[in-house]
Amino acid sequence: MFESIVQASEAHRENAHHMVGSLRMAMKGCPECGTAEMIASPSLGICDDCGADLVVLPR
């Protein structure tokens, strides 16, 4: 496991110059009632408040 961490760290270090800006969380939300939350699973699901299908929110 330690070797995997070292390899990942080295790969990150070697490619750091390609990174621009910072990472942003992917967000999903309800177009009906406006709730928003971080995407943490493969399916978007439905809104807990109103039952509408959640969609990926633009940046």
Side-chain angles (χ1 to χ4, degrees):
M1 176 146 179
F2 179 74
E3 185 175 319
S4 297
I5 294 170
V6 170
Q7 288 175 344
S9 177
E10 182 63 18
H12 183 270
R13 186 189 64 76
E14 288 177 3
N15 292 299
H17 65 279
H18 291 295
M19 293 183 184
V20 177
S22 61
L23 295 176
R24 297 182 191 185
M25 292 182 281
M27 300 295 288
K28 63 183 176 181
C30 178
E32 301 297 322
C33 65
T35 59
E37 56 189 65
M38 181 177 66
I39 296 175
S41 66
S43 68
L44 296 176
I46 59 171
C47 180
D48 291 335
D49 295 334
C50 70
D53 289 330
L54 298 175
V55 298
V56 176
L57 299 175
R59 287 185 175 200

Is there a path from M38 to L44 through hydrophobic residues (I, L, V, M, F, W, Y) whose side chains come within less than 4.5 Å of each other?
-> no

Measure across [X] and [Y] and return the closest heavy-atom pair with its distance rounded to 0.1 Å.
X: G51; Y: I46; result: O-CB, 4.0 Å
X: A52; Y: E32; result: CB-CG, 3.4 Å
X: P31; Y: G29; result: CD-O, 3.6 Å

Between K28 (side chain) and L54 (backbone), is there a donor-acceptor pair under 3.5 Å?
-> no

More than 12 heavy atoms of other groups within 6.0 Å of E14 CD | yes

Enter the distance from L57:CG to I39:CD1 here, rounded to the nearest 0.5 Å.
-> 7.5 Å

